[in-house]
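Below is one structure, written out as structure tokens; comments come after it.
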Amino acid sequence: MYSLIGEHIDYALFGCLPAAVERDILIACAPRVQRDGQYGEVNAQNRLAKYTPARFTPMRKKSLLQEPSDQDVHIEEWHLEIDQKGLHWESYVKAGYYGVLNNFFAPGKSSTSPVPVDMLVTGTVPAGSGLSSSAAMVVASTLAFLATNKLLDGLTKAHLVNMAVENERRVGVNSGGMDQSASVIATSASAIYVSFFPALNAIPVRLPGSGSGSGEGKRAAFVIANSLVTSEKAVHARTRYNLRVVETFVGARVLCEK
């Protein structure tokens, strides 16, 4: 994903104009035979050798195994440990899993448990390059867990985007919805104008020269260059990304008042 006019104001619910790129994240996944006590266990491997394999199991919170108290009604049932102080590739896989667990396997929503999953991750989006590799990973892992648990029927793109936004915040970044919207909704040869208030809405915007009958002189090209300067967004979120979110909200409030 890249932003055509550089507006990073989606986390303040302002509209934006992103477009998709052809780089992607791919996940091969399959459920496996469930062993006693191993509900939802994940064996995640990455095709790149620098990323070590990860195995983890979601935990049910003990307080919610019985009838919840008044203080517990807003507490999520499932927990996965995510290290927000370090950069771990599997954190984005766990983040994608979180939304599936708490949206579909919460008390009263399902009488079944999540299935154990084997997955192999690969892709061509360069990490930390500003092309939304984190959002792509979270969207892909969310889809992988939905697919292996046979939960895709009836799922809308808007629901998937909103879930992916909430999921990515698990890593410690107060993300907006621009990156996830482009990953899920964008189509070839079009940007999308995305608005977030009062609800998510996306309108395709055809790029110059992409329609039929366009002359050669009317065509437009967008060049995306990798500066090779890595930005570890999650690691520096508190002093950089999340601080910018606060500053944007403050600036918007000042403009509104004046």
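Just so it is clear, the structure is predicted and the values come from calculations on it, not from any experiment.
- Judged purely by atom type and a 3.5 angstrom limit, Trp89 uses its side chain to pair as donor or acceptor with the backbone of Thr52.
- The closest side-chain donor-acceptor pair between Gln180 and Ser175 falls under 3.5 angstrom.
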Full working for side-chain contact (heavy atoms from CB on, under 4.5 Å) between Leu160 and Leu155: CA-CA 7 Å; Leu160 177 58; Leu155 184 77; 4.2 Å; yes
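- When every heavy atom of Leu101 is checked against every heavy atom of Pro58, the shortest pair comes out as CD1-CB, 3.5 Å.
- Among all heavy-atom pairs drawn from Ala95 and Ile82, the shortest one is N-CD1, 4.0 Å.
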Assess whether side-chain contact (heavy atoms from CB on, under 4.5 Å) is satisfied between Met163 and Asn103, documenting all intermediate values. CA-CA 9 Å; Met163 194 189 312; Asn103 275 275; 4.0 Å; yes
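- Interatomic distance, Ile27 CD1 to Arg47 CZ, rounded to the nearest 0.5 Å: 14.5 Å.
- Here Arg240 pairs with nothing under the salt bridge (charged side-chain N to carboxylate O under 4.0 Å, His left out) rule; sequence neighbours left out.
- The list of salt bridge (Lys or Arg N to Asp or Glu O under 4.0 Å) pairs with a residue in residues 184-196, not counting sequence neighbours, is empty.
- Under the rule for a salt bridge (charged side-chain N to carboxylate O under 4.0 Å, His left out), the partners of Arg253 that lie at least two apart in sequence or sit in another chain are Glu257.
- In terms of the side chain to side chain contact (heavy atoms under 4.5 Å, CB included) criterion, residue partners of Val125 (sequence neighbours excluded) are, by chain and number, Arg23, Ile25, Leu131, Ser133.
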Might you work through the side-chain contact (heavy atoms from CB on, under 4.5 Å) test for Leu152 and Leu143, ending with a clear yes or no? CA-CA 8 Å; Leu152 287 174; Leu143 278 169; 3.9 Å; yes
Between Glu81 and Lys94, is the salt bridge (charged side-chain N to carboxylate O under 4.0 Å, His left out) condition met? List the steps. CA-CA 8 Å; Glu81 191 66 37; Lys94 291 179 179 179; over 6 Å; no
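- For the residue pair His88 and Tyr51, no side-chain donor N or O sits within less than 3.5 Å of a side-chain acceptor on the partner.
- Listed for the Asn242 side chain is a donor-acceptor partner under 3.5 Å among the backbone atoms of Gly172.
- When all heavy atoms are compared, the tightest approach of Cys16 to Phe196 is SG-CE1, 3.9 Å.
- When all heavy atoms of Val139 and Ser183 are compared, the pair lying nearest together is CG2-CB, 4.2 Å.
- Chaining together hydrophobic side chains whose heavy atoms lie under 4.5 Å apart places Ile9 alongside Phe14.
- Closest heavy-atom contact between Tyr241 and Asn174: CE2-O, 3.6 Å.
- Shown here for Tyr92 and Ser134, the closest heavy-atom pair between the two residues is CE2-CB, 3.4 Å.
- By the side chain to side chain donor-acceptor pair (under 3.5 Å) test, Asp10 pairs with no residue at all, sequence neighbours left out.
- Under the 4.5 Å side-chain criterion, counting only non-hydrogen atoms from C-beta, Arg60 is in contact with Tyr39.
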Give the intermediate values and the outcome of side-chain contact (heavy atoms from CB on, under 4.5 Å) for residues Val205 and Ile192. CA-CA 5 Å; Val205 180; Ile192 51 172; over 6 Å; no
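- The six-membered or imidazole ring of Phe56 lies away from that of Trp78, with a centre-to-centre distance of 6.0 Å or more.
- To the nearest 0.5 Å, atoms CD1 (Ile203) and OG (Ser195) are separated by 6.5 Å.
- Thr122 contributes atom OG1, which lies 6.5 Å from atom CG of Leu26 (distance to the nearest 0.5 angstrom).
- Partners of Asp24 according to the salt bridge (charged side-chain N to carboxylate O under 4.0 Å, His left out) rule, which considers only residues two or more places apart in sequence or in another chain, do not exist here.
- Not counting sequence neighbours, the partners of Thr112 by the side chain to side chain contact (heavy atoms under 4.5 Å, CB included) test are Phe105, Ser110.
- Evaluation of the side chain to side chain contact (heavy atoms under 4.5 Å, CB included) rule for Thr156 yields Ala158, His159 as partners, not counting sequence neighbours.
- Remark: Arg169 pairs with Glu166 by the side chain to side chain donor-acceptor pair (under 3.5 Å) rule, at least two apart or across chains.
- Applying the side chain to side chain contact (heavy atoms under 4.5 Å, CB included) rule to Val254 yields the partners Val250, Lys258; only residues at least two apart in sequence or on another chain are considered.
- Residues satisfying the side chain to side chain donor-acceptor pair (under 3.5 Å) criterion with Thr248, sequence neighbours excluded, are absent altogether.
- Atom OG1 in Thr142 sits 11.5 Å away from atom CE in Met137 (nearest 0.5 Å).
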